[in-house]
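As structure tokens, the structure follows; a few thoughts come after it.
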Amino acid sequence: MSMNIAGLQKVSTIDYPGEISCIVFLHGCNFRCGFCYNPDLVLREACEGFSQEYFFDFLKKRKGKLDAVCITGGEPLITLDLEFVKKIKELGFKVKIDTNGSFPDKLKELIDNKLIDYIAMDIKSSREFYARAAGIPVDISKIERSIKLVHDFKNSEFRTTIVKRFHDEKVMRELGKWVKKICGEKSSQIFLQGFRKNEEGMIDMDFLKEQNVSEKYLEEMREVIKNYFCEVGVRC
Ligand code: SF4
């Protein structure tokens, strides 16, 4: 059965750096980050959504108006069909993929086939505390392979959602050291984004008790890791 699309945001000026894009949402995720604000999408096992035919009709009409397609989830590499990406590229659009780094083989296949133009990868925590942030046991070797692929790809960014119960100075320092060691040098850029509670739904509603993260706290975490990356941005 061909891949269905769970959701479509028809225009975004912020998701693909410097480009006007649309966003395709694919359902399902192998992680269970308690703070995830999109449980409906993540926990969905099947997706009626809408068809690729509908999407490509839309995309053909947006030629000259949109530059890029951002593919996100959930974790898009679980269900992403490479033929779908090939068709987007054939229409002349750039492609950005968001990933949690669990599927390095599929990521490599996309890179090797020149099907992606930009990658954004979440780094959930330091090596030691990765599973705590992801909410499930994690095969850390896959995360490490993805970090290296994303770093070597260059047109890419890492992102960490900072949650006070998970990320303090010690954890962030370990995260920075770990990523630099895998990359063999400072990696180009990482963005720290502050946790914001979502009253309408999170995977673990206990996170309603968690404080939203202030800009000041993000700046403190930035100070801790700035020596391990060429650029550390904060997104409140
Ligand atoms: S925040 Fe976690 S659970 Fe939610 S989509 Fe991302 S990796 Fe999956």
Side-chain angles (χ1 to χ4, degrees), residues 3-9 12 14-16 23-47 49 69-80 96-107 110 116 118-127 129-147 149-150 156-167 171-172 175 178-179 190-213 218 221 234-236:
M3 181 197 88
N4 272 354
I5 294 162
L8 173 64
Q9 182 176 320
S12 166
I14 55 171
D15 215 70
Y16 194 123
I23 308 175
V24 169
F25 296 86
L26 303 183
H27 76 284
C29 185
N30 55 319
F31 282 5
R32 292 290 179 269
C33 313
F35 53 86
C36 179
Y37 59 82
N38 212 343
D40 290 346
L41 190 67
V42 164
L43 301 175
R44 207 181 294 174
E45 286 180 6
C47 171
V69 177
C70 300
I71 304 176
T72 191
E75 170 49 47
L77 294 186
I78 294 175
T79 55
L80 183 62
K96 170 180 176 252
I97 300 278
D98 290 340
T99 180
N100 67 20
S102 298
F103 301 95
D105 291 338
K106 195 151 179 189
L107 188 61
L110 285 160
I116 35 182
Y118 195 92
I119 309 169
M121 177 180 161
D122 288 352
I123 299 181
K124 298 291 176 190
S125 191
S126 63
R127 191 180 200 282
F129 292 112
Y130 218 88
R132 184 177 71 172
I136 53 148
V138 174
D139 181 345
I140 212 75
S141 68
K142 289 187 175 167
I143 302 297
E144 291 179 336
R145 280 178 57 211
S146 291
I147 288 173
L149 283 169
V150 171
S156 59
E157 67 183 51
F158 295 113
R159 309 181 297 206
T160 300
T161 300
I162 301 293
V163 187
K164 273 195 166 176
R165 72 171 76 173
F166 293 148
H167 304 97
V171 168
M172 292 307 288
L175 182 157
W178 175 50
V179 173
I190 187 167
F191 290 93
L192 306 182
Q193 44 202 32
F195 164 78
R196 287 273 171 282
K197 65 182 94 179
N198 180 10
E199 309 276 344
E200 288 171 18
M202 288 181 284
I203 285 193
D204 180 353
M205 290 306 277
D206 185 56
F207 278 76
L208 279 181
K209 296 181 202 144
E210 182 73 33
Q211 289 173 6
N212 287 340
V213 168
L218 290 179
M221 295 302 111
V234 298
R235 291 172 177 154
C236 286

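Residue numbers count from 1 along this sequence. As the structure lists them, so they are numbered: ligands from 1, and atoms in each ligand from 1. Just the heavy atoms: all of them, side chains too, but no hydrogens, waters or symmetry mates, feed the values below.
Less than 4.0 angstrom separates some heavy atom of K124 from each of these atoms of ligand 1: 1 (S), 2 (Fe), 6 (Fe), 7 (S). Within ligand 1, counting atoms from 1 as listed, the ones closer than 4.0 Å to a heavy atom of N100 are 7 (S). Close contacts of ligand 1 with V42, meaning ligand atoms under 4.0 Å from a residue heavy atom, involve 4 (Fe), 5 (S). Residue contact check: G74 has heavy atoms under 4.0 Å from atoms 5 (S) of ligand 1. Close approach of ligand 1 to F31 (heavy-atom distance below 4.0 Å) involves ligand atoms 3 (S), 7 (S).
Scanning the protein heavy atoms around atom 8 (Fe) of ligand 1, the nearest turns out to be C29 SG, 2.3 Å.
A distance below 6.0 Å separates the ring centres of Y118 and Y16.
Within the 4.0 Å heavy-atom cutoff, N38 does not count among the residues contacting ligand 1.
With respect to R32 and E75, no salt bridge is recorded, no charged nitrogen being found less than 4.0 Å from a carboxylate O. The pair R145-D105 counts as a salt bridge, with a side-chain nitrogen and a carboxylate oxygen less than 4.0 angstrom apart.
In terms of modelled atom types and a separation under 3.5 Å, the side chain of K96 and the main chain of D15 share a donor-acceptor contact. A side-chain donor-acceptor contact under 3.5 Å links T160 to the backbone of I123.
The distance from atom 8 (Fe) of ligand 1 to the nearest N/O/S atom of C36 is not under 2.8 Å.
Residue-level proximity to ligand 1 for C33 is carried by backbone and side chain together, each with a heavy atom below 4.0 angstrom.
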